[in-house]
Amino acid sequence: MSLRTALRLGASSGAIRLRSPCSPLSWRLWSRLLATHAHDNFCEQRIEEFAAVYRKSATKRDDIHNHYPSLVSTVKWSLSNDPKLTVTSPPESYTQQLNAMLEVLALSASPTDLKLIDKLLEDMPVVFLMHPNTETHNLILRALIKANKIPTAVNWISNIAKKPGDVFPTLFQYHMILEACMGKETPNYLLSIIRKMRSSGCPPTQETYAFVIRALWEQHDNATAYRTRPSLLTFRSLIKDMTEDGLSGQYEIADMLYDGYASRGFMSDAATILQDYMASGEENVVVEEQQRFLELCSQLSEAAQKGGVHSALNLFVQLRPGDWMSETSADWQVKVPARRMLRAILRKSSSVADLTRAEEVTGIKASLFHWTDLITNAVRRANVSGAIEIYETAKAAGITPDAPMVGPIIQALCYKHEEASYLSALAIYNELKVSQPLVGYREKDSRMDRSKGPDLNVYQNLMRGLSHVAASLPNAMELLEQLTSDMKARDIPLFTVSGAKIVILMHQTSSEDQAFAIYEKYKKDLDSPGYIEVLNGFSSLTYGKRVHNPSLVRYFQIANDMKRAGLPPMSDRVFTTLLSTYSKIVTQLRKNGQDAHDYLRSIQTSVRRIHDLITLEAALSPSAVMWNTVMDLYQRLGCYGDAYRVWEQMLFSGRYDEASVSIIFDVCAFSGSSYSLRQALSRLEADKYKLNKRNWDSLVEAYLRLGMPNEAAKAVCLEMPKNDVQPDQTTVRTLLNLASEDKDLFNAIQQRVEKYLPGEWGKLPAKFREPMV
């Protein structure tokens, strides 16, 4: 039976169809019937039949659009004909059918779907005997988030009060959206959500800001692999918003702001942001005892940062902070102040020996948090093997690992893009699964709690790591299915790894056509970071031994799809990703000796096309780094005229840096143009640009390659010291090495170095100090 047939059964049973009432009396009766929120048996049967057929439908979204209006008309027609109202409360089937339709429409979330959702909400009292409530909107928001429609979810929650049902947004709903943004969205976007909270009548709380601080750090750590730190301006903007919401001077916030920088070794920024926060508002609920505790931890952290754990322990002994040694403090609600002091002492430590010594001196037993800090510090120092040793020692000491503890190790191993490293990461992940039973993605006591079992961050790193080694792993598809299944079991949205999934599937194809077909099949789930992953994966595909030149038409078709999906275009990432790929292609060409004329010309043509697109992209403001990459590519491909034109563009715009100068010196050297070199130096002099050490080294090499040994020797022996740049062994050896093909030239330069740079001369190996005969 079709849905259309189910909705017309009333006619076949002999019922007389009447028009909707139109007289004032009839409308009053109609309104009274609506107010009763009850059905007769006929209405119930029609809805039950609609639901039964709907459950079997393969085109649910289309069926809702095509047949739901008929269901509404049928119900209203029945209620307008003096029915016997026997159904006074909604059966369970009503709730199930309504929820099913809302979820299907929200997962699609096209403008027409969203309009129909509004109609469903409006019809709920009459058709489903229910009023829209907070849980109704929670269901819609969860579906939008599941479909990765974050901007749509934000817009929906901002307008809830205007929708049927007189429902207002809740903190839970906003926190649900912020959680979906975790590790992905930009700081400005997170701050914009907070401002929408305020304007929608649901002001952010301390928990909201604590969550955003954590999200900002996680997003930054994921993007930079712990190498840098967010700007203080980001958190100052957050502090300004907190002050406007009357949330300045909160101890927990002060501690999080400070610890964010301090735990990553940025002590000066930690002290600055803490001072900014404490001075941000008139009210300060941080009591004197808490303030003294923060100052104590700051002193211990600074001592650890400057002199290591021994210095911090010496200070601890001097200060004797016995008041905070208990495991609890009822006075000011800090559960484990002793633990916080131990973390401050171990701020810079990355060895078990430091932790053991700190336990002995302080009498504080190290917890999971301290072992996590040791591992994170080791990873930040690129000591992954040391981090793994700490992990094994912690397990032996009875510590049960959780996601934050093993997350940095898994991320570092996956970043290596090596098969062996990835398998090590997978082994640690499997141990984490065993040690931590299934815990739903949203089943933590608080959104600020640590994740116990594998979390979103772990799965994102594992999937991205797999995307880089899938081509060499015979069981890549099996691993993909395992990780996908595990994510479903832990209720972690699959769209968060959709980009990596597409790249993994692409690597199983045998042609670019097949790879692009994979993209077309799964692209609907992509978010902005996912699109960038796909662009990187598509441009890096290889087939056979020959280096693959990716299709620019298809690459930019993917980039345009990102724009059409309503996502931020991220033009800079689109081009830097492609340029990085071509840098690798050129390197591989040289390594393989693959220099067939036709193939080389196709690469040159592609780079010129990319250069044109960068110039024409209105939304793009190319950075010096981007132009440097283009100029260096031209130089390595032998397109010296093109490289020099890029340099002219950079000079004209004023967007060049130290690396740009070294590259143009290389361009002039390898092109054999001493005239171009003199022109470049003249322009730099006019700009009052001061060469740094690397620039001088590149200039010396350029002079020698261009057959200008006197200029090279003069630069090293006279001009560099004159400009407060001291030549070192690298500079001197470069000078002598490139001059070694000519005996007389070599000996003459030896004499100049010995005369003008006696200190460096004395450090040279014997082969450079002995004259050539």
Side-chain angles (χ1 to χ4, degrees), residues 223 415 417 463-472 476 497-523 526-565 567-592 594 599-614 616-617 620 622-623 625-630 632-634 636-637:
Y415 263 67
H417 301 168
M463 292 290 270
R464 287 167 185 161
L466 182 58
S467 71
H468 286 282
V469 299
S472 60
V497 294
S498 54
K501 175 183 175 181
I502 291 174
V503 174
I504 294 166
L505 294 173
M506 281 180 170
H507 279 296
Q508 309 307 306
T509 63
S510 57
S511 70
E512 193 179 84
D513 290 340
Q514 294 176 4
F516 193 76
I518 290 290
Y519 157 74
E520 289 282 1
K521 182 177 180 180
Y522 294 106
K523 68 180 181 181
L526 289 172
D527 56 6
S528 292
Y531 268 106
I532 295 300
E533 283 187 78
V534 171
L535 288 169
N536 184 45
F538 179 79
S539 63
S540 302
L541 290 172
T542 56
Y543 299 104
K545 295 182 179 180
R546 185 163 189 162
V547 176
H548 176 65
N549 186 11
S551 164
L552 294 184
V553 172
R554 283 177 168 162
Y555 182 92
F556 284 102
Q557 184 175 333
I558 297 172
N560 288 331
D561 284 346
M562 179 164 58
K563 292 182 184 179
R564 282 192 290 268
L567 298 169
M570 301 177 73
S571 299
D572 55 338
R573 292 290 302 279
V574 169
F575 284 102
T576 54
T577 296
L578 188 57
L579 290 169
S580 175
T581 294
Y582 273 94
S583 292
K584 295 173 184 175
I585 288 174
V586 174
T587 299
Q588 197 65 31
L589 281 173
R590 290 186 170 188
K591 182 179 178 181
N592 296 349
Q594 188 176 324
Y599 191 75
L600 190 61
R601 286 196 64 177
S602 74
I603 300 295
Q604 292 170 341
T605 300
S606 294
V607 173
R608 288 190 177 106
R609 180 60 180 148
I610 296 167
H611 182 187
D612 290 342
L613 291 169
I614 290 173
L616 295 172
E617 178 62 53
L620 183 65
S623 64
V625 174
M626 186 180 293
W627 283 132
N628 289 344
T629 307
V630 176
D632 187 55
L633 275 172
Y634 277 139
R636 294 165 67 194
L637 287 167

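None of these values were measured; they are calculated from a predicted model. When a residue number appears, it is its place in the shown sequence, counting from 1.
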In chain order, what residues pass the ring-ring contact (aromatic ring centres under 6.0 Å, His included) check against His611, with sequence neighbours excluded? Trp627, Tyr634
Residues which pass ring-ring contact (aromatic ring centres under 6.0 Å, His included) with Tyr555, listed by chain and number, not counting sequence neighbours: none
Any side-chain heavy atom of Thr581 within less than 4.5 Å of one from Leu535? no
From Arg608 CZ over to Leu613 CG, what is the distance, rounded to the nearest 0.5 angstrom? 14.5 Å
What I'd like to find out is whether the side chain of Ser580 reaches to under 4.5 Å of the side chain of Thr629, using heavy atoms alone. no
Please list, chain by chain and in numerical order, all residues satisfying side chain to side chain donor-acceptor pair (under 3.5 Å) with Thr509, sequence neighbours excluded. Tyr543
Check side chain to side chain donor-acceptor pair (under 3.5 Å) between Ser510 and all other residues, then give those that pass, not counting sequence neighbours. Gln514
Working note: Asp572 + Glu617, criterion side-chain contact (heavy atoms from CB on, under 4.5 Å); need CA distance, chi angles, decisive distance, verdict. CA-CA 10 Å; Asp572 55 338; Glu617 178 62 53; over 6 Å; no
Taking only residues two or more places apart in sequence or in another chain, which ones pass ring-ring contact (aromatic ring centres under 6.0 Å, His included) with Tyr582? none
Pairwise side-chain contact, Leu637 with Leu600, heavy-atom cut-off 4.5 Å (strictly under): yes
Kindly indicate whether the side chain of Met506, heavy atoms from C-beta on, has any atom under 4.5 Å from the side chain of Val534. yes
Pairwise distance OG1(Thr577) to CD1(Ile532) - rounded to 0.5 angstrom: 5.0 Å
Please collect all salt bridge (Lys or Arg N to Asp or Glu O under 4.0 Å) contacts where either partner lies in residues 498-514, sequence neighbours excluded, each pair once. Glu512-Arg554, Asp513-Arg554
Could you list the residues that satisfy salt bridge (charged side-chain N to carboxylate O under 4.0 Å, His left out) with Arg609, not counting sequence neighbours? none
My understanding is that only residues two or more places apart in sequence, or in another chain, count here; which of them pass side chain to side chain donor-acceptor pair (under 3.5 Å) with Ser467? none
Kindly write out the residues that satisfy salt bridge (charged side-chain N to carboxylate O under 4.0 Å, His left out) with Arg573, not counting sequence neighbours, or none if the list is empty. none
Going by the salt bridge (Lys or Arg N to Asp or Glu O under 4.0 Å) test, which pairs reach into residues 574-584, not counting sequence neighbours? none
Glu520: which residues meet the side chain to side chain contact (heavy atoms under 4.5 Å, CB included) condition with it, sequence neighbours left out? Phe516, Lys523, Gln557
Less than 4.5 Å apart, any side-chain heavy atom of Met562 and any of Val574? yes
With Thr576, which residues qualify under side chain to side chain donor-acceptor pair (under 3.5 Å), at least two apart? none
Spacing of Leu633 atom CG and Gln604 atom CD [to the nearest 0.5 Å]: 11.0 Å
Is the shortest distance from a Lys or Arg side-chain nitrogen in Asp632 or Arg636 to a carboxylate oxygen in the other one below 4.0 Å? yes
